[in-house]
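See below for the structure under consideration.
Proteins get letters first, then strands, A, B, ... in listed order; numbering begins at 1 in each.
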Protein chains: 2
Amino acid sequence: MLSSPPHQPNQNRLLAALPVAEFERLKPHLELVHLPLGDVLCESGGRLSYVYFPISTIISLHYILENGASSEIAGVGNEGMLGVSLFMGGESTPSWATVQTAGHGYRLKAALLMQEFNQGGSVQRLLLRYTQALITQISQTAVCNRHHTIEQQLSRWLLLTLDRLNSEELIMTQELIASMLGVRREGITEAAGKLQQAGIIRYRRGHITVLDRSGLEKHVCECYEVVRKEFERLIRDVGNVR
Amino acid sequence: MLSSPPHQPNQNRLLAALPVAEFERLKPHLELVHLPLGDVLCESGGRLSYVYFPISTIISLHYILENGASSEIAGVGNEGMLGVSLFMGGESTPSWATVQTAGHGYRLKAALLMQEFNQGGSVQRLLLRYTQALITQISQTAVCNRHHTIEQQLSRWLLLTLDRLNSEELIMTQELIASMLGVRREGITEAAGKLQQAGIIRYRRGHITVLDRSGLEKHVCECYEVVRKEFERLIRDVGNVR
DNA sequence: AGTAGTATGTACGCTACCGCACAAAAATGC
DNA sequence: GCATTTTTGTGCGGTAGCGTACATACTACT
């Protein structure tokens, strides 16, 4: 691996949406970190000492059931942050947070975020709007789990993941995708096989390349678009908030 | 129907959890309303002019898909409120809100709630904690949809509904329950039949009576308990918030 | 180059749930 | 009381996805 690409806090869309004054105030406290695949940032019921603003990493929020089964409820990429339960007042959640795609992000001491949040104003407004977008994502996951096929769900998941990366290629085994969607690995093999035969994706041992994004958009269920639009609506420049 | 039972704002646990000063300030503005079954309080993308604090009514938050299929993502009873999107800053959500159980509740002009919320302090803290509990409920619904049987989900749904009512009897057709859970009506007939044979419930045309609550608790998946505990933890007296 | 380990492909029987069709029973209205 | 409507019961073929088992192929290590 050659030298890392340059990272800047404003590559996180949430941070970038902050007014200049607040952004500059937070900036000196933002610490660039690399998050390796599979890293557990928060266990069920655990407390975060930092909040994370992904740049090139994706963090998965998921549940693990008593029988060992698991499901992702939402993902967090450069459009968002990990740690909303802090300012929501619960301090912990029953979900887990693990690194789904290795990469960089900025972290910020929880206490500092709370300090900003409690001043009200733009930071608070923005974080709450982001949280609402997260609620939409979780809700849509619930509905999609109920009514759509694995192939549709895989398409949704791929598009959402793609939107969070600048690349067309994801480092991701079928096993891992399966555990995100809460289905069998074989189910992903089959669905991915269909997408590959349609010329939409190509994959090889842990690497999935999307060849035809618009083809994927034709395969996906409505859930993708609902989530995407809601993020667009809710986390544009906070100055636009009436 | 004889005279209605007396209703008091503090029968809503969220209102009851407010400090006295804030409660008294809101009280004169709370308006008792009766909500009939099926009433649509908010369509997808619509805005609320009031927020609602259920007493004996239950409001269902649900999605309707393009193909007409639907699923509940969460319910709102006397433990909560309808309208979190207002203070979350989004003003609308892609979900619908309809009355699942007819009954009474208090409503409050959206502007007045916003005024209280924006003062920060206890009201804000409590509402955000409630919103986090709502997120847990939605998340657990997503996971439950994926991994548990109709019988388990029905049990979960019955218990959550019972907790919101003072009665052991729900006015509810199997058709309606099916559309909440996003499954076929026949699936509910079958699952309910099993519960009836086990002596746990009894039903007749739109009335379901729970005979053996602890039996139901043995049938249910873990999802019920996770949601219940999280509500307990998050919306006890707001004075307990550290 | 050979080997161990990991990732993917495939097959087969099984189950939960679906979609549909229709019968039976209970409530409602006239 | 009788007809209509609504709700619930039941049956049947179809299917998506599961659990299991095992084969194949790619990668990495020595």
Specify the separation, in whole Å, of atom [atom1] of [X] and atom [atom2] of [N].
{"X": "B:I208", "N": "D:dT7", "atom1": "CD1", "atom2": "P", "answer": "13 Å"}
{"X": "B:I177", "N": "D:dG9", "atom1": "CD1", "atom2": "P", "answer": "11 Å"}
{"X": "B:Q153", "N": "C:dA16", "atom1": "CD", "atom2": "P", "answer": "14 Å"}
{"X": "A:I150", "N": "D:dG19", "atom1": "CD1", "atom2": "C1'", "answer": "13 Å"}
{"X": "B:I171", "N": "C:dA26", "atom1": "CD1", "atom2": "C1'", "answer": "15 Å"}
{"X": "A:H147", "N": "C:dC17", "atom1": "NE2", "atom2": "P", "answer": "14 Å"}
{"X": "B:L154", "N": "C:dA16", "atom1": "CG", "atom2": "C1'", "answer": "15 Å"}
{"X": "A:L181", "N": "D:dA16", "atom1": "CG", "atom2": "P", "answer": "17 Å"}

Gap separating the CD atom of B:Q100 from the NE2 atom of B:H62, nearest 0.5 angstrom: 9.5 Å
Can you tell me how far CG of B:L61 sits from CE of B:M180, rounded to the nearest 0.5 angstrom? 10.5 Å
SB check [X] [Y] (cutoff 4.0 Å):
{"X": "B:E79", "Y": "B:R13", "answer": "no"}
{"X": "B:K218", "Y": "B:D212", "answer": "no"}
{"X": "B:E232", "Y": "B:K229", "answer": "no"}

Hey, what bend do you get for the helix from C:dA1-D:dT30 to C:dC30-D:dG1 if you fit axes on five pairs at each end, rounded to 10°? 30°
How would nucleotides 1-15 of chain C be written as a contact map, 5' to 3', with B for base contact, S for sugar-phosphate-only contact and - for no contact, using protein heavy atoms under 4.0 Å? ----BBBBBB-----
For B:S71 and A:H147, test the side chains for any donor-to-acceptor distance below 3.5 angstrom and give the result as yes or no. yes
A:R156 charged N/C atom sitting above A:Y224 aromatic ring, 6.0 Å / 45°: no
Backbone N or O of A:L176 within a donor-acceptor pair of the A:S179 side chain at under 3.5 Å? yes
Donor-acceptor contacts under 3.5 Å from residues 187-194 of chain A side chains, at least two apart:
| residue | atom | partner | partner atom | Å |
| --- | --- | --- | --- | --- |
| A:T189 | OG1 | A:Q174 | OE1 | 2.7 |
| A:T189 | OG1 | A:R185 | O | 3.2 |
| A:T189 | OG1 | A:R185 | NH1 | 3.0 |

